[in-house]
Amino acid sequence: VIAEAFQVEKYSEKLFESLPEGSFVIFEDIELWWQRTANGLMVLKHLLKLVSKYSHRIFFILTTNIFAFKLLEKLLPLDATLLGTVKLEPMPVQSIKNMVLLRHKGAGLDFLYKGLHGSDMSAVKMADLFVKSYKFSRGNAGVALAVWLAGIRKVENDLLQIEPVV
């Protein structure tokens with residue numbers, strides 16, 4: 001994954017040495033980088049080693065959901081390695097709706113839900129669509145986006161047919 005982000009064939013720690021001082025490196029959803037096995041924390045331990053080694057010149061941001069964070073902080077020296085922790089409150093339903101709609105507008109896509117184009121939907125229909133996703137995601141932006149993407153049933157001529165999975 002790191003080699004891919006740097007657009008090189010093979011990973012090497014020296015990649016971090018090539019970054020200009022003051023660079024930001026973001027590792028998202030680190031809960032996906034481990035398994036409950038004997039060596040399941042190996043990747044995250046290596047990641048924390050990188051943070052320790054290069055944090056004097058690179059600002060690292062690691063993201064994870066709160067449930068995984070609570071578990072990982074028991075298994076790894078997160079407090080000793082990381083500069084700090086920022087816990088984000090759940091997003092309001094209106095913010096989740098805006099986030100999803102901005103993504104589609106930016107990509108030039110519209111959607112169809114219950115026979116209506118998103119651009120033609122009333123506020124009530126729009127609320128119906130997003131409140132279900134919000135309740136399921138409990139305000140977690142990543143989960144809300146995943147639920148939205150899972151609800152895409154068909155893509156045709158820049159139009160997404162949406163059937164929410166929740």
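Positions are given from 1 along the sequence.
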**Request:** Locate the shortest heavy-atom distance separating Met121 from Phe111; write the atom from each residue and the value.
**Result:** SD-CE1, 3.7 Å
**Asked** Asp128 versus Tyr113: any side-chain heavy-atom pair under 4.5 Å?
**Response** yes
**Prompt:** Mind checking whether Thr85 and Lys87 have side chains closer than 4.5 Å, heavy atoms only?
**Reply:** yes
**Prompt:** Do Thr63 and Asp29 touch side chain to side chain, with heavy atoms closer than 4.5 Å?
**Reply:** yes
**Complete:** Between the CH2 atom in Trp33 and the CD atom in Glu28, the distance rounded to the nearest 0.5 Å is 10.0 Å
**Prompt:** side-chain contact (heavy atoms from CB on, under 4.5 Å) between Leu71 and Arg36: does it pass, once the steps are laid out?
**Reply:** CA-CA 11 Å; Leu71 177 61; Arg36 288 183 186 237; 3.2 Å; yes
**Message:** Looking at Leu83, I want to see if its CG is surrounded by more than 12 non-hydrogen atoms of other residues, nucleotides or ligands under 6.0 Å.
**Reply:** no
**Asked** Under 3.5 Å, is there a donor-acceptor pair between the side chain of Thr37 and the main chain of Gly40?
**Response** yes
**Asked** So, does Thr81 use its side chain to make a donor-acceptor pair with the main chain of Leu48 at under 3.5 Å?
**Response** no
**Prompt:** Is Val131 linked to Leu129 within one hydrophobic cluster, defined over Ile, Leu, Val, Met, Phe, Trp and Tyr using a side-chain heavy-atom separation of less than 4.5 Å?
**Reply:** yes
**Prompt:** Between Trp34 and Leu72, does a side-chain contact (heavy atoms from CB on, under 4.5 Å) hold up when you go through it step by step?
**Reply:** CA-CA 10 Å; Trp34 74 289; Leu72 292 174; 3.9 Å; yes
**Message:** If we ignore hydrogens and angles and just use 3.5 Å, is the side chain of Asn140 paired with the main-chain N or O of Val143 as donor and acceptor?
**Reply:** yes
**Request:** Give a yes or no on whether Ile61 and Leu19 share a hydrophobic cluster (residues Ile, Leu, Val, Met, Phe, Trp, Tyr; joining criterion: side-chain heavy atoms under 4.5 Å apart).
**Result:** no
**Message:** To check you understand the geometry: which heavy-atom pair defines the closest contact between Ser137 and Ala144, and what is its length?
**Reply:** CB-N, 3.6 Å
**Complete:** Output for pair (Asn65 CG, Arg138 CZ), nearest 0.5 Å, gives 10.0 Å
**Complete:** Heavy-atom nearest pair, Met91 first then Ala141, reads SD-CB, 3.3 Å
**Asked** Stepwise, does the side-chain contact (heavy atoms from CB on, under 4.5 Å) test hold for Glu21 with His56?
**Response** CA-CA 9 Å; Glu21 188 164 333; His56 67 284; over 6 Å; no
**Message:** Can you give me the closest heavy-atom contact between Leu112 and His117, atom names plus distance?
**Reply:** CD1-N, 3.7 Å
**Prompt:** Are Leu149 and Leu32 joined in one hydrophobic group, where the rule is that I, L, V, M, F, W and Y side chains link up if heavy atoms are under 4.5 Å apart?
**Reply:** no
**Non-hydrogen side-chain atoms of Met126 and Leu101 separated by less than 4.5 Å** = yes
**Asked** Does the side-chain contact (heavy atoms from CB on, under 4.5 Å) test come out yes or no for Val51 and Leu82, once each step is laid out?
**Response** CA-CA 8 Å; Val51 170; Leu82 303 176; 4.2 Å; yes
**Message:** Are the side chains of Leu62 and Leu47 in contact, using a 4.5 Å heavy-atom criterion?
**Reply:** yes
**Message:** Please determine whether the number of non-hydrogen atoms from other residues, nucleotides or ligands lying under 6.0 Å from atom CZ of Phe136 exceeds 12.
**Reply:** no
**NZ/NE/NH1/NH2 to OD/OE distance under 4.0 Å, Glu17 and Arg57** = no
**Request:** Looking only at non-hydrogen atoms, find the nearest pair between Tyr11 and Leu50 and report the distance.
**Result:** OH-CD1, 3.4 Å
**Request:** Have a look at Thr64 and tell me which of Glu73, Lys70, Glu31 forms a side-chain hydrogen bond (donor to acceptor under 3.5 Å, both in side chains) with it.
**Result:** Glu31
**Fill in**
Rounded to the nearest 0.5 Å, the CZ atom of Phe60 sits from the OG atom of Ser52 at a distance of 9.5 Å
Residues 157-166 side chain polar contacts: donor-acceptor under 3.5 Å, at least two apart:
none

**Request:** Determine whether more than 12 heavy atoms belonging to other residues, nucleotides or ligands lie under 6.0 Å from atom CE of Met42.
**Result:** no
**Message:** Please check: side-chain N/O of Ser133 versus main-chain N/O of Phe130, any donor-acceptor pairing under 3.5 Å?
**Reply:** no
**Message:** So if I apply the ring-ring contact (aromatic ring centres under 6.0 Å, His included) rule between Phe59 and each of Phe24, Phe16, Phe27, which one comes out positive?
**Reply:** Phe24
